[in-house]
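Below: one structure, written as structure tokens.
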Amino acid sequence: MDDRRPWWRTAVVYEVYLRSFADSDGDGVGDIGGLRSRLPYLVDLGVDAVWITPWYPSPMADGGYDVTDHRDIDPRYGTLADADALLDEAHERGLRVVVDLVANHTSAEHPWFRSALAGGREAPERARYFFRDGRDGGRLPPNDWISAFGGPAWTRVREPDGRPGQWYLHLFAPEQPDLDWDHPAVQEEFDGVVRFWLDRGVDGIRVDAAPAMAKVPGLPDAGHAADATFDSAGWVDNPHWDVDAVHEVFRRWRRTADGYDGDRLLVSEAVVRGPERLSRYVRPDELHTTFNFDYLRAPWDARAIRAAVDGTLAALAPVGAPATWVLSSHDETRHLTRFGRASSGAATMGFDALGAPVDLARGRRRARAAALLTLALPGGAYLYQGEELGLPEVEDLPEDALQDPTWERSGRTARGRDGCRVPLPWSGQGPPYGFGPGDGQPWLPQPPSWRELSVAAQQDDPASTLSLHRSALRLRRELLTDEPLTWLDLGDDVLAFERGAALRCVVNLSARPVPLAGLGRSLLTSEDLGADLPPDTAAWLAPG
Ligand code: GLC
């Protein structure tokens, strides 16, 4: 491998949704100790880095994306000393660590927001957020903006004298008031936060909700229909999303990150309209990489996937940024389940066709083929915890277990994202499947069928989905660097390409078998094969 190339250009990053990864103290919630104890598993799996979802003190109105102190660790997860120990141990084991920066909003319990409320209309802290008078004598929200979790993006406060008063903006839950990034105190505070974590030795920062961090001055109406959903991938010239001024924030952080040694990574979450808008986030003086939602959103259809791949590569080439390929996260219906539905694309924030019939066997076959596809594409890739085990979405969580704000905000019509956040099964015959000490269910209940999907159940089975991922990650490391992708023509409904002389990848999305004769020596296949590649399977071949 060429050591001069920054690690993140080709890295496979494993997303750790911390409260569902591994629990060390038996409270049913994952924590830093749990993650630390499982680092050998991640090394053995063969990933290059972990991205840890927010671990900061939080009332957990949105699973930790509602932060009260950006420079500390929530006691449920551990302490700053635990975080330091984790960083040290990860580095000793050759793993990089990426932390999550939630800078569009704070928790409503953050000291700034509490002062803004307690100090009344004249409180200077109100200028750090978006407090505005309502329309129609104060009764109606200041504009028509909507929340990603459903409903209006404004909540009216009760002033210290007890009367209804101003409104404040929250593009997510009411417990997550948006910060005004034009305010110098906001900019300076986060310069300090970015430095705080880079000084502690993190290898990268994931920028949460990046496109939200600038608003058009005057906060004009967006023109949303009354029943509009937060479809940011379709918005053009929206006043609260992907506003051009947002790029100033990233330039600022890039200047900071460039002052550190060791190729620190800035990666954004950005669901915007198409690859060209996305490419703006990774211009040479901005972020290094960005998650690719066009690929994640694509249904199991060769033309749609190929269009997402080509569109991404074409848009990123002029700015010199590598692509990242992502199929699942803590915000999306697990792709194994999506691929088992007749309509297999994803929608934002779990507003999917939950409850649509699922053929899990088909979903599993496709998800295994998709793993080989994703890990063969040029650039970096993200794996969401449990995807290496072939976990499906848990669609039948009892209603009283649901915690995602989407459930209540949608008037209990969308169940939200809890189904992809169920704690991992590590071992054993029943809950908590080795997730932590003790017995009984963790914070979200695990289904009985997960016994067969635990790490222990798959560990030594060469046919398991875990073994498939391990083999693919090992081969990827051995064979691939930055060879370009060249498509091969095996028909419109087959994805076939080569990466230089290193690897050929063939994925059959058609309904007929595809002959592999003459394409090369088989290195790895998503199922046991004969001479042909059956529908919904994939093969890696050595050309020549
Ligand atoms: C991002 C996170 C998501 C969170 C939201 C608000 O989309 O991935 O989990 O709810 O930002 O912070």
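For ligands, and for the atoms within them, numbers begin at 1 and follow the listed sequence. If you read the sequence from its start, that first residue is 1, and numbering goes on from there.
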(Q) Closer than 4.0 angstrom, basic N to acidic O: yes or no for R200 and D84? (A) yes
Q: Using a strict 4.0 Å cut-off to heavy atoms of Q176, name the atoms of ligand 1 that fall inside it.
A: 6 (C), 12 (O)
Q.
Looking at ligand 1, is there an atom of it that comes within less than 4.0 Å of some heavy atom belonging to E332?
A. no
Q.
I'd like to know whether ligand 1 has H170 as a neighbour, heavy-atom separation below 4.0 Å.
A. no
Q | Residue portion contacting ligand 1 (non-hydrogen atoms closer than 4.0 Å) for F291 | A | neither
(Q) Using a 4.0 Å cutoff against the non-hydrogen atoms of R417, which atoms of ligand 1 qualify? (A) 3 (C), 4 (C), 9 (O), 10 (O)
**Q.** Ring centre gap for W426 and F21 strictly below 6.0 Å
**A.** yes
Q) Quick one: which ligand 1 atoms are inside 4.0 Å of a heavy atom on D62? A) 4 (C), 5 (C), 6 (C), 10 (O), 12 (O)
(Q) Using the ring centroid of each side chain, check whether Y281 and F291 are separated by less than 6.0 Å. (A) no
Q: Assert yes or no for the condition that the ring centre distance of W197 to W253 is strictly below 6.0 Å.
A: no
Q) Going by the order shown, which atoms of ligand 1 are within less than 4.0 Å of some heavy atom of H105? A) 6 (C), 12 (O)
(Q) If the test is salt bridge (charged side-chain N to carboxylate O under 4.0 Å, His left out), which one of R417, R297, R338 qualifies with E332? (A) R297
**Q.** Identified ring pair (Phe, Tyr, Trp, His ring centres under 6.0 Å) partner of Y65 from the options H70, H330, H170
**A.** H330
